[in-house]
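All remarks here apply to the structure that follows.
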Amino acid sequence: MKKIWFPSLLIITFLLSAIGHYGHWNPTLQFVISAIAVIFVAGFLGKATESVAHYAGQRLGGFLNATFGNAAELIIGILLVSNGQFEIVKASITGSIIGNLLLVLGLSLFAGGLKYKIQNFNISLAGLNGSLMILGIIALFVPAIFLNTHALQKEDESVLSLVVAGILIVAYLLWLVFSMITHKDYLADVTDDNEEQLAHEHEPKWSKGKSILYLIVATVMVALVSEWLVDTLDTFTAKFGLSEIFVGAFVVAIVGNAAEHSAAIMLAMKNKIGASVEIAIGSSLQIALFVAPVLIFVSHLLGRPMDIVFTVIELAAIGVSVFIAKSITQDGSTNWYEGLLLLAVYGILGVSFYLV
């Protein structure tokens with residue numbers, strides 16, 4: 001029965017969302033329909049990711065999910081940059097980083113921990129993820145400190161932003177070489193001997209080729225529905241009196257990361273915490289070390305230069321998120337209470353941003 005109704009609702013909600021968008025329906029109605037559609041397309045992407053992860057391994061599967069999920073954010077970011085909406089771009093980058101580190105990872109650890117008392121993943125990977133998160137923080141803090149203390153002149157913003165962006169992109173690309181090629185075995189997945197359910201219960205229903213095809217199709221659907229949903233946010237949030245920074249850092253970020261939320265939680269509940277961590281932390285690292293720097297270069301190519309200087313509020317939010325996430329994941333084991341701690345910090349930041 002499930003095989004029948006899920007694809008049907010997926011197609012119906014997707015088509016209704018498309019008709020509502022291009023038919024210029026009431027923005028509030030569009031928002032509701034698109035929000036429901038996001039749930040189903042995110043579930044579809046989660047299933048496709050799980051199937052790909054079975055063939056490619058948890059780490060590569062998680063990396064593919066993070067990459068496909070962030071492709072939509074990169075496209076939306078480029079559109080916003082071309083319109084000169086730099087503050088919304090930076091707020092959404094902030095929201096994506098803290099959303100993945102606190103909300104996605106927190107829900108994954110909590111949901112997985114309720115089913116499995118302790119879940120383990122590669123401790124070496126945990127340490128390196130922590131170091132990369134700190135690199136991202138340094139790259140954002142240094143330009144803000146040097147420019148806000150007037151140690152550098154205003155005209156130096158572009159040079160510093162481009163240099164920092166270039167260094168981050170090189171560091172991220174070399175991290176992929178290190179983790180996927182030269183030290184692949186060193187960072188291999190951790191599996192438990194008592195995971196009897198992995199032998200037959202969760203055999204993929206799709207072939208390798210079909211899994212990859214569905215992953216691509218699901219990503220395109222997520223990108224489209226997310227864009228349609230974002231288009232309704234201005235009217236919807238104005239109606240409820242929400243601030244621009246809250247919308248960018250939380251509403252847009254949550255919508256943009258809907259697919260990752262779903263996939264990470266589903267995998268954690270099947271004791272594949274390595275893939276969940278790779279999706280959550282890997283996505284944050286990809287945003288900080290690749291997507292944000294690429295947007296800097298794209299803005300210069302479009303003739304509308306954007307700097308890499310974030311506000312104090314955004315830096316504080318990213319800083320505390322990295323601090324608590326690194327503290328919790330550095331030992332390579334997780335439980336439901338650690339997930340609750342991450343969600344608590346997310347709640348604190350959410351209320352703070354809402355009141356700004």
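One is the number of the first residue; the rest follow in order along the sequence.
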Query - Backbone N/O of Ile308 and side chain of Ser161: donor-acceptor pair under 3.5 Å - result: yes
Query raised in the report: Can you tell me if Glu314 uses its side chain to pair, donor with acceptor, with the backbone of Thr94 under 3.5 Å?
Result: no
Query raised in the report: Do Thr329 and Leu105 have side-chain heavy atoms sitting under 4.5 Å apart?
Result: yes
Query - Joint cluster assignment, Val170 & Val159, ILVMFWY side-chain distance < 4.5 Å - result: no
Report summary line: Smallest heavy-atom separation, Leu315 atom then Ala144 atom, equals CD1-CB, 3.5 Å
Report task. Assess the side chains of Asn335 and Gln119: does a donor N or O sit below 3.5 Å from an acceptor N or O? Result -> no
Report task. Among Val41, Val217, Val38, find the residue that satisfies the side chain to side chain contact (heavy atoms under 4.5 Å, CB included) test when tested with Val222. Result -> Val41
Query raised in the report: How far does OG1 of Thr219 sit from CZ of Phe44, to the nearest 0.5 angstrom?
Result: 9.0 Å
Report task. Verify whether the ring centers belonging to Phe14 and Trp228 lie closer than 6.0 Å. Result -> yes
**Report entry** Flag, side chain of Ser283 to backbone of Ala280, donor-acceptor distance under 3.5 Å
**Finding:** no
Query raised in the report: Has Leu135 got more than 12 heavy atoms of other residues, nucleotides or ligands less than 6.0 Å from its CG?
Result: yes
Query raised in the report: Nearest 0.5 Å, what's the CD1-CD1 distance between Ile93 and Ile287?
Result: 7.0 Å
Query raised in the report: Do the non-hydrogen side-chain atoms of Thr334 and Ile118 ever get within less than 4.5 Å of each other?
Result: no
Report task. Kindly indicate whether the side chain of Ile265, heavy atoms from C-beta on, has any atom under 4.5 Å from the side chain of Phe110. Result -> no
Query - Where Ala48 and Tyr214 come nearest, the two heavy atoms and their spacing - result: CB-C, 4.0 Å
Report task. Write down the atom of Ser333, the atom of Phe121, and the distance for their closest heavy-atom approach. Result -> N-CE2, 4.2 Å
**Report entry** Nearest atoms (heavy-atom pairs only) where Ile273 meets Asn120
**Finding:** CG2-O, 3.2 Å
Query raised in the report: Would you say Leu224 and Leu10 are hydrophobically clustered, going by side-chain heavy atoms of ILVMFWY under 4.5 Å?
Result: yes
Query raised in the report: Between atom CG of Leu9 and atom CZ of Phe40, what is the distance when rounded to the nearest 0.5 Å?
Result: 4.5 Å
Query raised in the report: Okay, side chain of Arg304, backbone of Ser299: is any donor-acceptor separation there less than 3.5 Å?
Result: no
Report task. Evaluate the side-chain proximity of Leu101 to Leu342: yes if any heavy-atom separation is below 4.5 Å, no if none is. Result -> no
Query - Side-chain heavy atoms of Leu173 within contact of Val177, under 4.5 Å - result: no
Query raised in the report: Do the side chain of His24 and the main chain of Gly20 share a donor and acceptor less than 3.5 angstrom apart?
Result: no
Query raised in the report: Is there a donor-acceptor contact under 3.5 Å from the side chain of Ser34 to the main chain of Phe31?
Result: no
Query raised in the report: Does atom CZ of Phe146 have more than 12 heavy-atom neighbours from other groups under 6.0 Å away?
Result: no
Report summary line: In terms of heavy-atom contacts, Trp175 and Asn129 come closest through CZ2-OD1, 4.0 Å
Query raised in the report: Should Val291 and Ile138 be regarded as members of a common hydrophobic cluster, given that ILVMFWY residues are connected when their side-chain heavy atoms come within less than 4.5 Å of each other, either directly or indirectly?
Result: yes
**Report entry** Geometric class of the Tyr172/Phe290 ring pair [parallel <30°, tilted 30-60°, perpendicular >60°]
**Finding:** tilted
Query raised in the report: Can you check whether Ile324 reaches Ile328 side chain to side chain, under 4.5 Å on heavy atoms?
Result: yes
Query - Donor-acceptor contact below 3.5 Å, side chain Ser321 vs main chain Ile98 - result: no
Query - Listed once per pair and sorted, the salt bridge (charged side-chain N to carboxylate O under 4.0 Å, His left out) pairs that draw on residues 88-114, sequence neighbours left out - result: Lys90-Asp307
Query raised in the report: In this structure, which one of Leu102, Leu109, Leu107 forms a side chain to side chain contact (heavy atoms under 4.5 Å, CB included) with Leu343?
Result: Leu107
Query raised in the report: So, Ser327 side chain and Phe323 main chain: donor-acceptor pair closer than 3.5 Å or not?
Result: no
Query raised in the report: Yes or no on side chain to side chain contact (heavy atoms under 4.5 Å, CB included) for Leu289 and Leu132, after CA distance, side-chain angles and deciding distance?
Result: CA-CA 9 Å; Leu289 305 182; Leu132 284 168; 3.9 Å; yes
Requested in this report: Please round to the nearest 0.5 Å and tell me the distance separating atom CG of Leu302 and atom OG of Ser82.
Outcome: 6.5 Å
Report task. Starting at NZ of Lys272, measure out to CD of Glu278 and round the result to the nearest 0.5 Å. Result -> 15.0 Å
Query raised in the report: Does Leu285 belong to the same Ile/Leu/Val/Met/Phe/Trp/Tyr cluster as Val277, with side-chain heavy atoms less than 4.5 Å apart forming each link?
Result: yes
Query raised in the report: If two hydrophobic side chains count as joined below 4.5 Å and joins carry through other members, does Leu168 share a cluster with Ile145?
Result: yes
Report task. Test ring-ring contact (aromatic ring centres under 6.0 Å, His included) on Phe246 and Phe353 and set out the steps. Result -> CA-CA 5 Å; Phe246 176 79; Phe353 271 74; 7.8 Å; no
Query raised in the report: Which distance, rounded to the nearest 0.5 Å, do you find between the OG of Ser17 and the CD1 of Ile12?
Result: 13.5 Å
Query - Note, Val142 side chain near Val164 side chain (heavy atom, < 4.5 Å) - result: no
Report task. Step through the shown structure and confirm whether more than 12 heavy atoms of other residues, nucleotides or ligands are within 6.0 Å of OH on Tyr354. Result -> no
Requested in this report: Side-chain contact test, heavy atoms from C-beta onward, threshold under 4.5 Å: evaluate it for Leu267 versus Ile279 and give yes or no.
Outcome: yes
Query raised in the report: What's the shortest heavy-atom distance between Pro305 and Ser158, and which atoms?
Result: CB-OG, 4.5 Å
